[in-house]
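This report concerns only the one structure given below.
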Amino acid sequence: MAGTKPRGLRRSGAVLAALIALTAAAGCGSDSDEPAKVSSSPPGERPSKADPPKRPEPTPKPSVSAADGRDITACADGNCEIVVSEPVKIPFKGPRGPATLSVTEVGPNAIAYTVKSGNGQSKGSASGPGQGCITVLRSNGSGNSCGGVGTAGRPSPQPDAVVIQAATGEDGTAVLHLVSDR
């Protein structure tokens, strides 16, 4: 028995070899508490170096500019030109006191809104290229007209009224004009 190891040493060697194999299979660890990153590639495939990293979609930039940009506070006096790309509430001074323009939908070539003043309200919506609505808010009521506005620009002021024009945009934005005689 000169060339054989005692039985206890053979078991220790086998246990040590098993521990080394398990450690190698588990991979190298780090001191970080972050979970290991998992590849999204199917098994057997590696991601191509030509694939660019995915980035978040940017917020749509309006294809048109507006005098007051996206600043809804510019409308407080009933005079502004802004661009919107999502539903928003715009408080402003109407002919009979506080009023609110609530844009309820805006998307590519689409706009929908509600105007509330006192106990009354008016709704407008349009869809399609070059479409929009004009609402004239007066102390004794309001009226709407929807259809082609194209590149009509800023509406004319009306005596004792606030004129609201909402025009659709191809890029998912809408241009709003509020015009009063103040």
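Along the sequence shown, residues are numbered consecutively beginning with 1. Small disclaimer: the values here were computed from a predicted structure and weren't measured.
To the nearest 0.5 angstrom, D68 atom CG is 13.0 Å from R70 atom CZ. Rounding to the nearest 0.5 Å gives a distance of 5.0 Å between SG of C75 and CD1 of I90. To the nearest 0.5 Å, atom CZ of residue R154 and atom CG of residue L178 are 9.0 Å apart. Distance NE2/H177 to CD/E81: 3.5 Å, rounded to 0.5 Å. Note that the CZ atom of R138 and the CZ atom of R96 stand 13.5 Å from one another [nearest 0.5 Å]. Note that CD of Q158 is 11.5 Å distant from OG of S180, once rounded to the nearest 0.5 Å.
Transitive grouping of hydrophobic side chains (ILVMFWY, heavy atoms separated by less than 4.5 Å) keeps V149 and V136 in distinct clusters. A single hydrophobic cluster is seen to contain both I72 and F92, as judged by linkage of ILVMFWY side chains at heavy-atom distances under 4.5 Å, directly or through other members. Both L137 and I82 are part of a single hydrophobic cluster, where members link through side-chain heavy atoms under 4.5 Å apart. Cluster annotation: V175 is not connected to V88 through the hydrophobic network of ILVMFWY side chains, with a link wherever side-chain heavy atoms come within less than 4.5 Å.
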Intermediate values then yes/no, side chain to side chain contact (heavy atoms under 4.5 Å, CB included), N79 and V179: CA-CA 5 Å; N79 285 294; V179 179; 4.3 Å; yes

Test side chain to side chain contact (heavy atoms under 4.5 Å, CB included) applied to D77 and K93, step by step: CA-CA 5 Å; D77 64 354; K93 185 177 178 187; 5.7 Å; no

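P95 pairs in a side-chain contact (heavy atoms from CB on, under 4.5 Å) with only one of the listed residues (D181, V162, D160), which is V162.
Within the 3.5 Å criterion, the main-chain N or O of Q131 finds a donor-acceptor partner in the side chain of T168.
Within a 6.0 Å radius of CG in D71, other residues, nucleotides and ligands contribute more than 12 heavy atoms.
Residues that satisfy the side-chain hydrogen bond (donor to acceptor under 3.5 Å, both in side chains) test with S122, not counting sequence neighbours, are N144.
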Do any side-chain atoms of residues 99-115 form donor-acceptor pairs under 3.5 angstrom with protein atoms, and if so which ones, sequence neighbours left out?
residue : atom : partner : partner atom : Å
T104    : OG1  : A112    : O            : 3.2
Y113    : OH   : T135    : OG1          : 2.7

